[in-house]
Amino acid sequence: MISVDNALKIVLHDIKTLGREGVSLTGSLGRILAEDIYAGSDIPGFDNSAMDGYALKAQDTAAISRTGPKVLTVIEDRKAGYISRRAIKNGQAIRIMTGAVMPKGSDSVVMVEGTKRHGMDSVKIFKPAKRGDNVRRRGEDIKKGERVIAKGTRLTCGHIGLLASLGKAKVLVTRPPRIAILATGDEVIDVDEKLKPGKLRSSNTYTLYSQVLKCGGIPKNLGIVKDTPDMLEARLKRGLDCDMILTSGGVSVGDYDLVKLILAKMRTDIRFWKVAMRPGKPLAFGLIKGIPIFSLPGNPVSSMISFEVFVKPAMLKMEGANGSSAKMVDAVSEENITKRKGLRYFLRAITRWEDGIYLTRTTGPQGSGILKSMALANSLIVLPEDDEDIDKGVRVTVQFLD
Ligand code: AMP
Ligand code: MG
């Protein structure tokens with residue numbers, strides 16, 4: 001049986017990053033940037049006022065604290081968006097609004113609260129200014145030529161604001177991976193079918209579908225097939241126009257575990273089968289006609305965990321995402337945990353921050369069919385292969401689910 005780390009290495013080795021496409025800025029949220037973004041201009045593009053107030057020469061206000069308020073001549077009123085025609089000389093000020101270009105000759109702004117206007121032409125300044133006060137310098141946010149956002153970044157609202165400021169109405173992002181999802185099993189029916197004795201609804205179809213969406217992929221639901229070789233083969237073929245195929249069920253050692261059989265028949269290059277983990281042990285990965293295929297276990301929790309551990313990193317590599325490794329923290333276990341040596345465990349847990357440390361406990365019974373354990377969890381307790389039973393109070397590694 002292969003270890004989780006080695007299995008993941010094989011997966012990542014076999015996955016290639018997809019091509020890129022241009023999207024409009026409004027359609028780019030959550031997409032992975034496929035180009036480095038360099039600033040074509042300074043931001044802000046000019047020295048401007050950070051406040052509503054009066055632009056002036058700081059030296060004119062230097063004596064205020066000793067000799068009292070100073071009266072200056074107002075030579076102009078300046079809104080944002082327009083350039084002052086006149087330059088300030090000693091003893092003069094220009095009324096200025098936030099974002100307006102600093103007039104020639106001025107070096108600082110006294111905010112309006114520190115002044116009193118007298119008629120059109122003069123203002124009394126109560127507060128002294130130092131050079132640069134309330135001035136936003138050209139390029140203080142971004143310098144022309146600077147690399148602002150790196151290729152491989154998943155675009156957030158803040159990035160989109162920067163891109164807009166830089167005039168990037170279109171950006172290059174990685175094409176989203178199309179992922180086929182196929183559930184198997186004679187007992188498995190769809191969500192809107194009537195339940196009959198011995199049948200159960202396919203939760204895997206929908207957990208996998210939403211997991212794919214969450215990772216930025218485009219799911220293609222191939223539905224549910226019975227454990228019949230011909231049907232399975234025919235349906236799998238419908239996934240061959242995708243970038244990756246996920247099947248669930250039929251990969252353990254039962255008599256009806258046909259997925260392996262059909263994969264072999266379709267000349268799949270099986271790279272591994274069975275990983276030393278719990279849950280999720282019966283998992284196969286290979287390349288079918290060059291397309292990566294994961295045959296995930298049928299048990300609902302195993303299927304979700306296998307996705308987290310293998311499919312998600314594979315999808316992120318397809319998308320060319322940087323810094324995509326899961327957020328891990330140290331936490332103190334609030335309970336005793338029984339563990340068998342040799343397997344890596346992924347226990348569904350609730351982890352919280354309390355008095356400066358993370359505390360973690362499982363979500364209750366951890367059977368691989370107990371989907372509630374996953375639904376209640378915000379994290380996974382990851383116990384390495386070599387660990388045995390864990391006592392309450394011991395530090396464990398926790399991986400947050402997002
Ligand atoms: P299998 O791997 O096919 O032996 O399935 C293992 C367990 O998972 C069985 O109890 C199945 O009934 C269950 N199972 C298989 N497929 C699904 C599915 N799509 N949704 C929910 N449970 C499933
Ligand atoms: Mg089955």
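Nothing fancy with the numbering, it's 1 onward along the sequence. Order of listing sets the numbers, starting from 1, for every ligand and every atom in it. Note that the structure is a prediction, hence the values are computed from the model and not measured.
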Answer yes if the side chains of Asn204 and Ser248 hold a donor-acceptor pair under 3.5 Å, and no otherwise.
yes
Heavy-atom contact check, 4.0 Å cutoff: does Pro300 meet ligand 1?
yes
Does Lys327 form a salt bridge (charged side-chain N to carboxylate O under 4.0 Å, His left out) with Asp402? I'd like the steps, not just the answer.
CA-CA 9 Å; Lys327 188 189 171 200; Asp402 42 26; over 6 Å; no
If we only count N/O pairs under 3.5 Å, is Ala183 in contact with ligand 1?
no
Hey, does the side chain of Gln366 reach the backbone of Gly364 with a donor-acceptor pair shorter than 3.5 angstrom?
yes
Would you check if Tyr54 and Leu72 make a side-chain contact, meaning some heavy-atom pair closer than 4.5 Å?
no
Under 4.5 Å between any side-chain heavy atoms of Ile10 and Phe272, yes or no?
yes
Atom 4 (O) of ligand 1: which protein heavy atom is closest, and how many Å away?
Ser252 OG, 3.6 Å
Please verify whether a non-hydrogen atom of Ser248 lies at under 4.0 Å from ligand 1.
yes
Which ligand 1 atoms does Ser202 reach within 4.0 Å, using its non-hydrogen atoms?
18 (C), 19 (N), 20 (N)
Protein residue, atom and distance nearest to atom 18 (C) of ligand 1, heavy-atom basis
Asn204 ND2, 3.2 Å
Within-4.5 Å side-chain heavy-atom neighbours: Pro279 and Asn299
no
Which residue, Thr351, Asp330, Asn378, Thr397, forms the side chain to side chain donor-acceptor pair (under 3.5 Å) with Thr360?
Thr351
So, does Thr184 sit close enough to ligand 1 that a heavy atom of it is under 4.0 Å from the ligand?
yes
I need the single residue from Arg117, Arg86, Arg85 that forms a salt bridge (Lys or Arg N to Asp or Glu O under 4.0 Å) with Asp77. Which is it?
Arg117
Within reach of ligand 1, part of Leu200 (heavy-atom separation under 4.0 Å)
side chain
Checking contacts here: is it the side chain or the backbone of Ser203 that comes within 4.0 Å of ligand 1, counting heavy atoms only? Could be both or neither.
both
In this structure, atom 6 (C) of ligand 1 is nearest to the protein heavy atom Asn299 N, 3.7 Å
Contacting atoms of ligand 1, where contact means under 4.0 angstrom from a heavy atom of Arg201:
20 (N), 21 (C)
Taking 4.0 Å as the limit for heavy-atom contacts, which would you say applies to Val188 with ligand 1: side chain only, backbone only, both, or neither?
side chain
If the threshold is 4.0 Å, N to carboxylate O, is there a salt bridge linking Glu21 and Lys170?
no
Would you check whether Gly250 has a nitrogen or oxygen atom less than 3.5 angstrom from a nitrogen or oxygen atom of ligand 1?
yes
Among all the protein's non-hydrogen atoms, which is closest to atom 13 (C) of ligand 1, and how far away is it?
Gly298 O, 3.7 Å
Kindly confirm or rule out an N or O of Glu187 lying under 3.5 angstrom from an N or O of ligand 1.
yes
Out of Asp47, Asp42, Asn48, which one pairs with Arg138 under the side chain to side chain donor-acceptor pair (under 3.5 Å) rule?
Asp42
